[in-house]
2 protein chains.
Amino acid sequence: MSSLRSEKTIVDIAEELELSVSTVSRALNDHPNISAKTKERVKKMARKLGYRPNAMAAGLRNNKSKTIGLIVPRISMFFPATISTIIQNKLQEFGYNLIICQSNDSLEQEIELANTLYSARVDGLAVSATLYTTDFSHFDIFKQQNTPIVFFDRTPKDYNVKVIKGDDFLGGYKATEHLVEKGCKDIVHISGPLTCNLYTERLAGYKEALQRHKLPYKKHRVFFHELTRENAWQTAEKIFAQKPYPDGIFATNDTTAITILEYCRKHGIKVPEECKIVGYSNDPRTEIITPSITSVDQFPATMGERIVAALMDLIQARHPAAYRHSQEIVPIQLVERESSGGTGWEIPDPVSNGKTAVATGATAKAVKKKK
Amino acid sequence: MSSLRSEKTIVDIAEELELSVSTVSRALNDHPNISAKTKERVKKMARKLGYRPNAMAAGLRNNKSKTIGLIVPRISMFFPATISTIIQNKLQEFGYNLIICQSNDSLEQEIELANTLYSARVDGLAVSATLYTTDFSHFDIFKQQNTPIVFFDRTPKDYNVKVIKGDDFLGGYKATEHLVEKGCKDIVHISGPLTCNLYTERLAGYKEALQRHKLPYKKHRVFFHELTRENAWQTAEKIFAQKPYPDGIFATNDTTAITILEYCRKHGIKVPEECKIVGYSNDPRTEIITPSITSVDQFPATMGERIVAALMDLIQARHPAAYRHSQEIVPIQLVERESSGGTGWEIPDPVSNGKTAVATGATAKAVKKKK
């Protein structure tokens with residue numbers, strides 16, 4: 001094992017400082033019996049020698065790498081990016097670091113990243129799955145080591161884990177009902193792949209709203225695509241190839257809503273006069289585009305905080321019994337803007353009131369009353 | 001070491017399958033002398049037992065964890081988010097995974113994350129530093145193990161590493177000169193903290209452009225802030241408290257440019273008629289806001305590809321001699337839009353021509369000719 005020689009161990013530190021190995025070990029682990037001065041000497045030497053603790057041994061000893069792994073589909077999307085930042089800030093309060101991986105909506109990548117994070121010996125895992133993950137068994141390895149897993153946003157239906165998600169059924173319902181209330185009678189829904197729970201639930205909400213308001217459900221008015229900008233443009237072409245045009249469009253993500261609006265602008269279709277648009281996620285871009293786009297806020301701050309709270313609870317419990325399927329729902333809220341004939345964009349003053357709202361019963365009520 | 005018992009080793013796999021330990025080891029490492037059938041049996045059992053290879057030992061044996069670490073200031077910003085995705089996609093072609101960490105512009109966090117990624121035994125590291133990193137010695141640990149490091153965008157001046165960055169001096173120069181050409185005579189520059197190389201260089205470009213065009217440099221027309229939305233709003237208040245107003249503003253990032261535009265809209269200051277605005281980064285938001293904002297494209301696709309190429313070269317070389325300070329410059333390009341009196345927004349058709357442009361001598365020339 002001569003190749004091991006270049007790697008410094010606590011024996012090297014002990015030799016350099018003429019201390020016992022156990023003293024060095026305890027100093028590195030902040031043992032109370034070791035003086036602050038010795039700890040400092042040891043840590044300084046450890047840094048100097050480029051010593052790195054054996055993550056496996058250290059992890060097994062105290063069960064803590066103090067690192068959480070996060071897998072999201074695409075870090076460039078508003079919702080995962082915001083959630084990542086909130087999770088990281090919250091974790092810091094608990095003394096944990098965050099390492100982030102993106103699956104690019106590839107199941108193959110997700111499986112590989114699960115293994116990478118497993119080898120990195122994270123203390124817990126938060127996952128928003130790919131559009132196509134229906135078998136979640138690549139996460140079993142974490143369960144076997146009692147490493148907590150929390151799924152959020154894109155979540156499994158029947159895999160035994162803690163799930164934290166938005167109220168997607170209600171979101172789909174409210175988005176559609178809002179269009180009905182604004183006078184739409186022929187509403188297109190643009191959905192994502194139905195392998196992903198979010199989109200089935202929002203679609204169900206759309207159907208329910210049509211039914212309640214006695215509007216017919218028309219199969220040819222529902223489109224499925226992969227929610228990218230390119231797909232959305234092609235979907236827009238299909239939608240406006242149908243005559244007559246729909247008078248309302250509920251898109252299941254904001255990238256799609258923005259692209260549809262761009263298509264309408266390019267082809268002289270007046271929004272909201274001829275066709276109203278509602279998106280989903282409350283991406284900041286919906287606020288700065290003209291006309292501004294009505295969307296559904298999923299309160300990423302609330303969701304991020306609950307994810308961290310759940311992980312910390314599970315890390316404390318660290319017991320197989322923690323692996324039950326349980327689901328926590330974060331509220332949603334429709335944010336009315338110009339694209340659905342709502343009020344115009346009131347430019348927010350970011351200094352006095354630009355903070356991200358957190359949905360609670362109280363504020364939700366206050367918002368309703370204001371309307 | 002009784003706590004070690006729960007961790008499965010190759011001995012357990014060997015016992016379960018009644019194979020020798022060396023066969024199991026070679027099977028797990030895809031040794032050519034082991035049959036495909038045995039490899040499959042071993043790997044299946046490894047999965048079943050929840051076996052994880054000792055990252056340290058495995059890493060030392062073949063020097064490869066096949067994982068690259070990335071530290072960026074904020075993943076929610078357009079430029080780092082785009083770069084991350086490009087780096088990941090490119091790395092995949094080489095069979096590498098990416099784990100991403102964000103420093104939140106905190107030096108303390110950056111030091112901790114360097115240690116986290118060091119313990120995770122990444123094969124290489126790409127870093128865009130915090131606004132305040134001037135001492136880079138927390139990255140020395142990687143050098144001691146001959147682990148390649150590439151800095152990009154926010155980079156050290158005199159730390160011995162490979163640096164890949166945009167042409168910030170030229171960017172600052174072109175942005176300012178463009179405002180001069182559009183008739184501005186009194187141009188504000190909003191800069192970032194001068195601890196960060198990007199902002200000193202863009203500021204130097206601004207000064208150079210003023211000088212070349214015989215416009216006076218006025219100290220009270222240069223503002224420094226931390227480049228967040230809140231800071232930008234406060235800076236806008238300071239700028240427009242000065243009478244007369246400036247007739248042009250060059251902001252060193254797009255978040256600032258967007259916020260300045262919002263401030264102008266809210267206070268009835270006409271853009272571009274009364275005051276022209278140029279941002280930096282070519283964030284997609286600059287394209288969808290009204291008026292659309294002129295900005296400087298930094299070609300993240302090109303930069304991301306060069307980062308990966310440099311890492312792969314350095315991994316191959318894996319030699320201390322690789323740690324020289326060398327700097328590679330990625331070109332920039334001014335993208336003219338409405339906020340500086342440029343042409344209006346031509347809505348791009350993302351299907352036929354929505355691909356991110358990659359700057360090459362040829363395309364840069366073509367763009368120039370078109371103008």
Side-chain angles (χ1 to χ4, degrees), chain A residues 3-4 6-7 47 50 52-57 60-61 65 67 69 74-76 78 81-82 84-85 88-89 92 97-102 104 109 112-113 116-121 140-141 144-145 229-230 232-234 258-259 262-263 265-266 284-285 288-290 347-351 354, chain B residues 3-4 6-7 47 50 52-57 60-61 65 67 69 74-76 78 81-82 84-85 88-89 92 97-102 104 109 112-113 116-121 140-141 144-145 229-230 232-234 258-259 262-263 265-266 284-285 288-290 347-351 354:
Chain A
S3 63
L4 272 167
S6 66
E7 186 83 3
R47 274 196 299 277
R52 23 187 185 186
N54 182 324
M56 182 175 93
L60 284 170
R61 226 168 1 247
S65 71
T67 302
R74 287 172 209 277
I75 203 64
S76 56
F78 160 70
T82 308
S84 306
T85 304
Q88 173 162 343
N89 292 347
Q92 236 182 303
N97 290 317
L98 181 70
I99 56 186
I100 306 167
C101 296
Q102 52 182 348
N104 272 334
Q109 267 279 305
E112 227 174 274
L113 293 172
T116 299
L117 290 175
Y118 182 74
S119 297
R121 286 153 209 278
D140 286 351
I141 44 174
Q144 282 157 11
Q145 302 287 334
R229 205 170 144 66
E230 289 73 16
W233 193 267
Q234 286 164 339
I258 289 165
T259 311
E262 288 176 346
Y263 183 93
R265 280 168 61 161
K266 185 159 186 153
R285 290 177 296 163
I288 63 169
I289 200 167
T290 306
I347 297 164
D349 169 348
V351 177
Chain B
S3 63
L4 272 168
S6 66
E7 187 82 6
R47 274 197 298 277
R52 27 185 182 186
N54 183 327
M56 182 175 92
L60 284 170
R61 233 176 346 258
S65 69
T67 301
R74 289 171 207 278
I75 203 65
S76 56
F78 159 70
T82 309
S84 308
T85 304
Q88 173 162 343
N89 293 347
Q92 237 182 301
N97 289 316
L98 181 70
I99 57 184
I100 306 167
C101 296
Q102 53 182 348
N104 272 334
Q109 268 280 306
E112 228 173 273
L113 293 171
T116 300
L117 291 174
Y118 181 74
S119 298
R121 284 153 209 280
D140 286 351
I141 43 175
Q144 283 157 11
Q145 302 288 332
R229 203 170 145 66
E230 289 73 16
W233 192 268
Q234 286 165 339
I258 290 164
T259 310
E262 288 176 346
Y263 182 93
R265 281 169 61 160
K266 185 158 185 153
R285 289 177 297 163
I288 63 170
I289 201 167
T290 307
I347 297 166
D349 170 347
V351 176

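So you know, we letter chains A, B, ... as the sequences are listed, proteins then strands, and number each from 1. Values in this document were obtained by computation on a predicted structure and should not be read as measured data.
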- Message: Looking at every heavy atom in both A:A81 and B:S76, which two are closest together, and how far apart are they?
- Response: CB-CA, 4.0 Å
- Heavy-atom distance under 4.5 Å to chain A: side chain of B:T116, backbone, both or neither? side chain
- Task: For B:Q144 and A:R47, work out which heavy atoms get closest and say how close.
- Result: OE1-O, 4.2 Å
- Which residue out of B:T82, B:D140, B:N104 racks up the most heavy-atom pairs below 4.5 Å with chain A? B:N104
- For chain A, the option from B:I258, B:I100, B:N89, B:T290 that forms the most heavy-atom pairs under 4.5 Å: B:I100
- Check each atom of B:I99 against the heavy atoms of chain A and say whether the ones under 4.5 Å are side chain, backbone, both or neither. both
- Message: With a 4.5 angstrom heavy-atom cut-off, is it the side chain or the backbone of A:Q102 that approaches chain B, or both, or neither?
- Response: both
- Turns out that what part of B:R74 lies under 4.5 Å from chain A's heavy atoms comes down to neither
- Task: Check B:E112 against A:N97 and note the closest heavy-atom contact, atom names and distance.
- Result: OE2-OD1, 3.0 Å
- Quick one: what part of A:I75 sits under 4.5 Å from any heavy atom of chain B, side chain, backbone, both or neither? both
- Message: Can you give me the closest heavy-atom contact between A:R285 and B:R285, atom names plus distance?
- Response: CG-CG, 3.8 Å
- Message: Can you give me the closest heavy-atom contact between B:L98 and A:L113, atom names plus distance?
- Response: O-CD2, 4.2 Å
- Note on the structure: Here the gap from B:Q88 atom CD to A:Q109 atom CD, rounded to the nearest 0.5 Å, amounts to 5.0 Å
